[in-house]
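First the structure, in the form of structure tokens, and then the observations on it.
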Amino acid sequence: MTPRTLAAPLAVAAVLLAGCSSEDDQRQEAFCEQVPDLLSDITDDVNAVYSDPQSAPQVLDEAVGRLEAVDPPEGVADQWGDLVTSWRALADLIDQADLTDPAANADLAPQLQELQGDLVSSGEAVDEYGKANC
């Protein structure tokens, strides 16, 4: 192969890699602009459940759907996936609960406590990423 023959594939590879980087840069920008407001909105919605506990399943399902719609940049994809998984598990747990009789849900308390830890740790990981990269 001549140097000229090698140059063409390298140039194409550079353009393709730059395109991938640009796409991830766009996801990074969108993530940094939209996710703080999204998380704030979800927090507000979940806090409103205290005044209407019966709405919890619907509110959590909607929150999970909004979280799942985010296309995170590569640098936080795993942490975001953990956060979404934790929220989904919480929504599934609430679906199992008897919202008319809190005393009937004592057996769910250990799972809820574990999920709370998962939510906090995954949320902190996403927050750390945001502070370092946004």
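- No side-chain donor-acceptor contact under 3.5 Å links Asp127 to the backbone of Gly123.
- Under a cut-off of 6.0 angstrom, the local environment of CD in Gln54 is crowded, with over 12 non-hydrogen atoms contributed by other residues, nucleotides or ligands.
- A 4.5 Å side-chain heavy-atom check between Gln34 and Val70 finds every atom pair outside the cut-off.
- Pro36 and Cys32 get closest at one heavy-atom pair: CD-O, 3.4 Å.
- Looking at Glu62 and Arg66, no side-chain N of the basic residue comes within less than 4.0 Å of a carboxylate O on the acidic one, giving no salt bridge.
- Side-chain contact between Thr43 and Asn47 is present, with heavy atoms from C-beta onward closer than 4.5 Å.
- In this structure, CG in Asp118 is found 11.5 Å from CD in Gln111, a value given to the nearest 0.5 Å.
- Once rounded to the nearest 0.5 Å, the distance linking CD1 of Ile94 with CG of Leu108 reads 8.0 Å.
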Per-pair distances, 0.1 Å, donor-acceptor, side chain in residues 71-89, under 3.5 Å, sequence neighbours excluded:
{"from": "Trp80", "atom 1": "NE1", "to": "Leu67", "atom 2": "O", "distance (Å)": "3.1"}
{"from": "Thr85", "atom 1": "OG1", "to": "Gly81", "atom 2": "O", "distance (Å)": "2.8"}
{"from": "Ser86", "atom 1": "OG", "to": "Asp82", "atom 2": "O", "distance (Å)": "3.0"}
{"from": "Arg88", "atom 1": "NH1", "to": "Asp61", "atom 2": "OD1", "distance (Å)": "3.4"}

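- Within 6.0 Å of CD in Gln58 there are 12 or fewer heavy atoms belonging to other residues, nucleotides or ligands.
- Between Ala48 and Ser51, the shortest heavy-atom distance links the atoms O-OG, 2.8 Å.
- Within the 3.5 Å criterion, the main-chain N or O of Asp98 finds a donor-acceptor partner in the side chain of Asn105.
- Both Val64 and Leu112 are members of a single hydrophobic cluster when ILVMFWY side chains are connected at heavy-atom separations under 4.5 Å.
- No side-chain donor-acceptor contact under 3.5 Å links Gln28 to the backbone of Ser22.
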